[in-house]
Amino acid sequence: MALNKKCPECGGINMSHVEEKGEVICKDCGLVVEDKIFDFGKEWREFDQEKADSHRRTGAPLTYTQADRGLGTEVGTKADLSKFSKRSKDKFYRLRRWQRNIATSIERNIQLALSEIQRIVSVLGLSKSVEEEAARIYTLAAQKGLVKGRTTERIVAGCIYAACRMHEIPKTLDDVSFVAEIEKGEIGRNYRYLTRNLHMKIMPTDPVNYIIRFSSALQLSPKTQTKAIEIIEKAQKKALLSGKNPVGVAAAAIYTASRITDEKKTQQKIAEEVGVTEVTIRNRYRELIENLGLESAAA
DNA sequence: CGGAGTAAAAGGCACTT
DNA sequence: AAGTGACTTTTACTCCG
């Protein structure tokens with residue numbers, strides 16, 4: 001839902017209301033301006049029936065941005081041990097210490113992850129609910145033993161990217177890579193690893209989101225921006241885009257539109273800004289003009 | 001310079017053995 | 001679990017106006 005508002009961060013006019021999260025986000029830069037005016041959605045996502053059921057029985061949603069979510073599970077400390085044998089008592093003490101060690105090591109790890117999540121979220125200007133999402137994904141992954149033997153920071157970068165994708169925030173792998181200082185291939189791998197093993201179903205990003213996101217950086221006129229979105233919509237109807245990198249598609253649509261409206265941006269400028277190669281732009285561009293009957297417009 | 005195009009390498013995905 | 005094949009993107013390069 002579009003709103004009649006300006007973004008305080010970049011001055012963009014594409015403020016949009018994301019219903020189920022009660023957020024207002026800027027589609028130009030991904031900044032979340034107002035967070036949780038009302039929250040109509042659930043705090044968690046339901047990925048399969050089993051988890052859905054267990055969640056619903058859990059009662060009020062808990063926060064995932066605290067290491068133990070405000071709860072603690074421990075081997076009891078108040079039990080009356082006097083009637084047990086020495087062996088039983090020893091066993092009990094061992095259990096308690098073992099449990100404590102495990103718990104603290106997992107919680108320390110999660111704590112580290114959470115502070116890194118906080119840092120990245122803050123630099124990228126993401127919302128509290130995206131932070132919660134990333135924290136939730138990390139916690140789930142830790143509980144499932146998916147983080148063992150992997151670098152926390154790398155998994156965290158994957159969590160952040162996944163959280164952005166779930167909330168349809170148009171951040172790229174390059175964006176996360178830059179802030180997290182993790183190679184983008186590594187983030188992509190961890191993203192796939194997490195989404196696969198946690199059975200998360202995430203749709204490919206709509207290239208339109210990237211058009212809007214990059215149009216201010218490339219100083220596109222509203223006319224060009226509208227044209228680029230038109231091109232995307234036409235291409236979608238003709239099923240030209242499936243399997244293609246949405247970022248590359250957006251780049252080509254911007255290039256094509258900028259030629260049509262006579263405000264031509266070079267392939268090189270666009271490629272640099274959005275983070276794909278000129279070859280990719282050319283390939284998508286060729287498909288667009290061949291299939292959408294746009295060649296007459298390209299002078 | 002801006003762009004068109006290509007070959008080769010690399011990576012991811014669906015499928016098989 | 002390794003191997004395959006079709007597919008996309010990147011790298012590096014040539015050629016054109």
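Letters go in sequence order (proteins before strands), and every chain restarts at 1. These values consider heavy atoms only, across backbone and side chains, with no hydrogens, waters or symmetry-generated copies.
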Contact class for A:Arg196 (heavy atom, under 4.0 Å): base, sugar-phosphate, or nothing?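 Nothing: the residue A:Arg196, judged by heavy atoms under 4.0 Å, touches no strand.
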Touch class at under 4.0 angstrom, heavy-atom based, for A:Gly243 against every strand present: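 It contacts sugar-phosphate atoms only.
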Mind checking the OG1-CD1 spacing from A:Thr151 to A:Ile182? Nearest 0.5 Å is all I need.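 These two atoms lie 7.5 Å from each other.
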Rounded distance (nearest 0.5 Å) linking atom CG of A:Asn291 with atom CG of A:Leu240: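 The CG atom of A:Asn291 sits 4.5 Å away from the CG atom of A:Leu240.
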Counting just side-chain N and O atoms, does [X] come under 4.0 Å of either OP1 or OP2 of [N]?
{"X": "A:Lys264", "N": "B:dG3", "result": "yes"}
{"X": "A:Arg286", "N": "B:dG5", "result": "yes"}
{"X": "A:Arg192", "N": "B:dG12", "result": "yes"}
{"X": "A:Thr266", "N": "B:dC1", "result": "no"}
{"X": "A:Tyr255", "N": "B:dG3", "result": "yes"}
{"X": "A:Arg189", "N": "B:dG11", "result": "no"}

Please state how far atom [atom1] in [X] lies from atom [atom2] in [N], giving the value in whole angstrom units.
{"X": "A:Asn283", "N": "B:dA7", "atom1": "CG", "atom2": "P", "answer": "13 Å"}
{"X": "A:Tyr193", "N": "B:dG12", "atom1": "OH", "atom2": "P", "answer": "15 Å"}
{"X": "A:Arg284", "N": "B:dA4", "atom1": "CZ", "atom2": "P", "answer": "14 Å"}
{"X": "A:Leu241", "N": "C:dC7", "atom1": "CG", "atom2": "P", "answer": "17 Å"}
{"X": "A:Ile289", "N": "B:dG5", "atom1": "CD1", "atom2": "P", "answer": "8 Å"}
{"X": "A:Lys269", "N": "B:dG3", "atom1": "NZ", "atom2": "P", "answer": "10 Å"}
{"X": "A:Glu278", "N": "C:dA12", "atom1": "CD", "atom2": "P", "answer": "13 Å"}
{"X": "A:Glu183", "N": "B:dG11", "atom1": "CD", "atom2": "C1'", "answer": "13 Å"}

Report yes or no: is the cationic atom of A:Arg196 (NZ for Lys, CZ for Arg) under 6.0 Å from the centre of the six-membered ring of A:Tyr191, at an angle within 45° of the ring normal?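 No, A:Arg196 does not sit over the ring of A:Tyr191.
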Has the side chain of A:Ser127 got a donor or acceptor atom that lies under 3.5 Å from a matching backbone atom of A:Ser129?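 A pair under 3.5 Å: yes.
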Are there any protein N/O atoms within less than 3.5 Å of an N/O atom in nucleotides 14-16 of chain C, and if so, which ones and at what distance?
none

A:Glu263, A:Lys264, A:Lys265, A:Gln219 screened by side-chain hydrogen bond (donor to acceptor under 3.5 Å, both in side chains) with A:Thr224, the one that passes: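 Going through A:Glu263, A:Lys264, A:Lys265, A:Gln219 one by one, the side-chain hydrogen bond (donor to acceptor under 3.5 Å, both in side chains) with A:Thr224 is satisfied by A:Glu263 alone.
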What nucleotide among C:dT8, B:dG3, C:dT10 has an atom nearest to a side-chain atom of A:Val276?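 Within the option list, the nearest is C:dT10.
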Identify which nucleotide among B:dA4, C:dT8, C:dA12 has an atom closest to any side-chain atom of A:Arg259, counting heavy atoms from C-beta outward.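 Among the listed nucleotides, the one closest to the side chain of A:Arg259 is B:dA4.
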Is there a side-chain contact between A:Tyr210 and A:Val274, using heavy atoms and a 4.5 Å cut-off?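 Contact flag for A:Tyr210/A:Val274 side chains = no.
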Taking the side chain as C-beta and beyond, is there a heavy-atom pair between A:Ile212 and A:Ile229 under 4.5 Å?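 Yes, their side chains come closer than 4.5 Å.
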Testing the 3.5 Å rule here: is there a donor-acceptor pair between the side chains of A:Arg259 and A:Tyr255?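 Per modelled atom types, A:Arg259 and A:Tyr255 side chains form a pair under 3.5 Å.
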